[in-house]
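To start, the structure under review is shown below, and the notes come after it.
In this chain, residues are counted from 1 in sequence order. We count ligands from 1, going down the list as the structure has it; atoms in each ligand are counted the same way.
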Amino acid sequence: MKILIVEDEKKVASFIKRGLEAEKYDVTVSHDGADGVRRAGSGEYDLIVLDCMLPKKDGLTVLKELRGAGCLLPILMLTAKNETDDIVAGLDAGADDLLTKPFAFAELQARVRALLRRSGQDRGAEIRFADLRLDPVNHKVWRGQIEIILTAKEYSLLAYMVRNAGNVLSRANIADNCWEYPFETFTNIIDVYINYLRKKVDGDFTTKLIHTVRGKGYILQEG
Ligand code: CA
């Protein structure tokens, strides 16, 4: 597994690099945002650890450019401040997970493992529900013949719902499976993402698939 670290602080970058190498990952460090975008686009990495504060291009810009260019790699963002605004902006821009500095190395390892495991699980056969079709290799989604463009996070949320179609999923279930951090902090993020998904998946279609179960959570079902 090859990991790209985009971080200009040399001490932090080498701390992460050494730790991940000890776990047998093949690690490359990039020291600015522009170089990070270039390397990330090469197609040789399995995961990116991306710092927010970077020279040339900041982390959010890098993230938006990569997602905008169709990059579907799992991206773990590092933020210096524990600010909800940064966290929400990062998630909106398509980060799969966020970690606030300073962090314990064990926590970084756990999140890297979880992200790689999840993206690995996704590489199976097509999954379907009603007229929805998900391609886990390329993270593409269609309803009937119409392709629906989703961010990485929206895709992972929809894939989780499709795998559990017909079951009521609480926000805690969704948080546990699609996010890595404690659920209490991010209650409304789940609702925000469900709304994004609804607009894209159900918006123009007569048959609605994503439904709210009052007081309990959400369910994927026909009609
Ligand atoms: Ca930095």
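- Environment of NZ in Lys57: crowded, with over 12 heavy atoms of neighbouring residues, nucleotides or ligands closer than 6.0 Å.
- As for Asp8, its N/O/S atom nearest the Ca ion (ligand 1) is the one called OD1.
- Qualifying side-chain contact (heavy atoms from CB on, under 4.5 Å) partners for Arg128, counting only residues two or more places apart in sequence or in other chains: Glu126, Arg133.
- The closest approach of Asp51 to the Ca ion (ligand 1), by N/O/S atoms, is made by OD2.
- Connectivity analysis of hydrophobic side chains (ILVMFWY, heavy atoms under 4.5 Å, direct or indirect) links Leu72 to nothing; its cluster partners are none.
- With salt bridges taken as basic N to acidic carboxylate O contacts below 4.0 Å, one links Asp97 and Arg111.
- The atom of Glu7 nearest to the Ca ion (ligand 1) is OE1, with the search restricted to N, O or S atoms.
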